[in-house]
2 protein chains.
Amino acid sequence: MESEFAATLKGLNMKVTPKRLAILEILSKESIYLSPEEVWQLMKERFKSIGLPTVYRNLEDLSNGGAITKVIHPDRKLYYFCCRNQEHHHHFVCVFCRRVEDISYCGNKEIVNEVSTTLKGKVLSHVLQVYGICNSCINENES
Amino acid sequence: MESEFAATLKGLNMKVTPKRLAILEILSKESIYLSPEEVWQLMKERFKSIGLPTVYRNLEDLSNGGAITKVIHPDRKLYYFCCRNQEHHHHFVCVFCRRVEDISYCGNKEIVNEVSTTLKGKVLSHVLQVYGICNSCINENES
DNA sequence: CCATAAATAGAAATCATTTTCATTTAATAA
DNA sequence: TTATTAAATGAAAATGATTTCTATTTATGG
């Protein structure tokens, strides 16, 4: 039988390659977001030959396909996170440990209402991301 | 008497220089967000000698001081917008003409509530930005 | 007007990300 | 299974936005 990740790739019309499976496995194992460089380092433990562009390309493609998510970071670099939740939702990101957690809150209805009423505009999409300190980091740092 | 922009700079403990005044004037005159490169092009119409790094530095400093705002863009490049509204608020960005408009809606209360209740975490900040089609662009494109 | 720290220009460096292209591989049909 | 072919990959090189460096200029306070 095929793995969950193979099914994911097929669903995106992407060929099932060992590299892609590994990227998905690596990301889904992490509770924190990773940079392409970091994914590459982890890939190097598994493959004798693995190019950084391959990692960049696949992260981009997987992200476009919705299998993984980009994290919005103040440094404007690329970071990815794999989250099982397929519903529309947003993320709480810990600024200390980079843990990503889902938040279900989304003001879409209110936003659409304000934009259409006040600005007479049409909403196409929105980004919402919350930065803070996760529970683990709060507990670790209390005196 | 000193200009509003001079006052802004002094408030940020930044020396009042012609370049900085021009950057503020250029940005505040636009209803759309600009890239550093674009600001530079406009600066070159006013100064015989103006370096791109100066534009980058000042946009960064003005942004850190809160005099201007960074726009979150999918291409992850830097874009700035000058908005008079000093209250905490978010922006509606037109994907066609790059116009930026304020939206007052902000789910901060609900977000803080969910994060503290469900995740037992602490919210430090959040970004919310709405993409869509502004009223002018809707009207221009209707058949 | 002077002194001095800050700001600037210009050139160069940085470095994350992307492109190129030759080679390999997964998917599909025979 | 094997042949076919489009897609995926590696390695090297390119790209280009952004930052750094350093000598010079300038704004500001006295």
Side-chain angles (χ1 to χ4, degrees), chain A residues 2-3 5-26 33-65 67-68 70-80, chain B residues 2-3 5-26 33-65 67-68 70-80:
Chain A
E2 81 179 358
S3 78
F5 301 136
T8 297
L9 291 172
K10 286 182 183 170
L12 300 179
N13 287 313
M14 293 170 72
K15 289 186 178 176
V16 179
T17 69
K19 308 288 168 69
R20 284 174 174 164
L21 290 171
I23 288 176
L24 282 173
E25 194 184 326
I26 285 169
Y33 61 82
L34 297 179
S35 68
E37 177 87 23
E38 288 165 336
V39 174
W40 186 46
Q41 295 303 333
L42 294 168
M43 290 289 280
K44 287 201 267 191
E45 298 174 1
R46 304 190 184 200
F47 300 94
K48 57 189 174 323
S49 175
I50 170 68
L52 187 50
T54 297
V55 174
Y56 269 92
R57 271 188 303 249
N58 284 318
L59 289 172
E60 171 71 7
D61 296 343
L62 291 169
S63 172
N64 288 337
I68 62 177
K70 278 182 185 166
V71 171
I72 297 169
H73 197 286
D75 70 9
R76 289 175 298 114
K77 291 177 188 167
L78 289 168
Y79 295 98
Y80 294 94
Chain B
E2 81 178 358
S3 77
F5 300 134
T8 297
L9 291 172
K10 286 182 184 171
L12 300 178
N13 287 312
M14 293 170 74
K15 287 187 180 177
V16 179
T17 70
K19 308 287 169 69
R20 283 173 176 167
L21 290 171
I23 288 175
L24 283 174
E25 196 185 323
I26 285 169
Y33 61 82
L34 297 179
S35 67
E37 179 87 22
E38 289 165 335
V39 173
W40 186 46
Q41 295 302 334
L42 294 168
M43 291 288 280
K44 286 202 267 193
E45 297 174 2
R46 305 190 182 200
F47 300 94
K48 58 188 175 322
S49 175
I50 170 69
L52 187 51
T54 296
V55 174
Y56 269 91
R57 268 190 307 256
N58 283 320
L59 288 172
E60 170 72 7
D61 295 344
L62 290 168
S63 171
N64 287 338
I68 63 177
K70 278 181 184 166
V71 171
I72 297 169
H73 196 286
D75 71 8
R76 288 177 299 113
K77 291 178 189 167
L78 289 168
Y79 295 98
Y80 294 94

| For the pair made of CG in Leu21(B) and P in dA27(D), what is the distance, rounded to whole Å? | 10 Å

| query | Tell me: CG of Leu59(A) to P of dT9(D), nearest whole Å? | reply | 11 Å

| task | Figure out the CZ/P separation between Phe47(B) and dT26(D), and round it to whole Å. | result | 12 Å

| said: From the set dA12(D), dT19(D), dA27(C), return the single nucleotide nearest to any side-chain atom of Leu78(B). | reply: dT19(D)

| Residue closer to the 5' end of DNA chain C, Ser49(B) versus Lys15(A) (nearest nucleotide) | Ser49(B)

| request: Kindly say if Arg76(A) contacts the phosphate of dT18(D), meaning a side-chain N or O under 4.0 Å from OP1 or OP2. | output: yes

| Between dT17(C), dT28(D), dT9(D), which nucleotide has the shortest distance from any of its atoms to the side chain of Val16(B)? | dT28(D)

| said: Could you check whether any side-chain heavy atom of Ile23(A) comes within less than 4.5 Å of a side-chain heavy atom of Ile68(A), counting everything from C-beta outward? | reply: no

| message | If the cut-off is 4.0 Å, is Asn58(A) near the phosphate of dT9(D), judged by side-chain N/O to OP1 or OP2? | response | yes

| field | Euclidean distance, atom CG of residue Leu9(B) to atom P of dT26(D) [Å, nearest integer] | value | 18 Å

| field | Spacing between His73(B) atom NE2 and dT18(D) atom P, to the nearest angstrom | value | 12 Å

| query | For Lys77(B) and Glu37(B), what are the C-alpha separation, side-chain angles and deciding distance, and is it a salt bridge (Lys or Arg N to Asp or Glu O under 4.0 Å)? | reply | CA-CA 11 Å; Lys77(B) 291 178 189 167; Glu37(B) 179 87 22; over 6 Å; no

| query | If only side-chain N and O atoms of Thr54(A) are considered, is one of them under 4.0 Å from the OP1 or OP2 phosphate oxygen of dG10(D)? | reply | yes

| request: Round to a whole Å and report the spacing from NZ of Lys77(A) to P of dA17(D). | output: 17 Å

| field | Leu52(A), nearest nucleotide to its side chain (from dA27(C), dA11(C), dT17(C)) | value | dT17(C)

| Taking the nucleotide of DNA chain D with the closest heavy atom to each, which residue, Lys48(A) or Asp61(A), is nearer the 5' end? | Asp61(A)

| query | Does Lys19(A) place a side-chain N or O at less than 4.0 Å from the phosphate oxygens OP1/OP2 of dG10(D)? | reply | yes

| From CZ (Arg76(A)) to NZ (Lys70(B)), nearest 0.5 Å | 6.0 Å

| Looking only at side-chain N and O atoms, does Tyr56(B) come under 4.0 Å of OP1 or OP2 in dT18(D)? | yes

| said: Quick check on dT9(D): is either OP1 or OP2 less than 4.0 Å from any side-chain nitrogen or oxygen of Thr17(A)? | reply: yes

| Which distance, rounded to the nearest 0.5 Å, do you find between the CH2 of Trp40(A) and the CG of Leu52(A)? | 5.0 Å

| field | pair Leu9(B)-Leu24(B): side-chain heavy atoms closer than 4.5 Å | value | yes

| request: Rounded to the nearest angstrom, tell me the gap between atom CG in Asn13(A) and atom P in dA8(D). | output: 10 Å

| side-chain N/O Arg57(A) vs dT9(D) OP1/OP2, d < 4.0 Å | no

| request: Calculate the interatomic distance between Tyr80(B) atom OH and dT18(D) atom C1'; express it in whole Å. | output: 10 Å

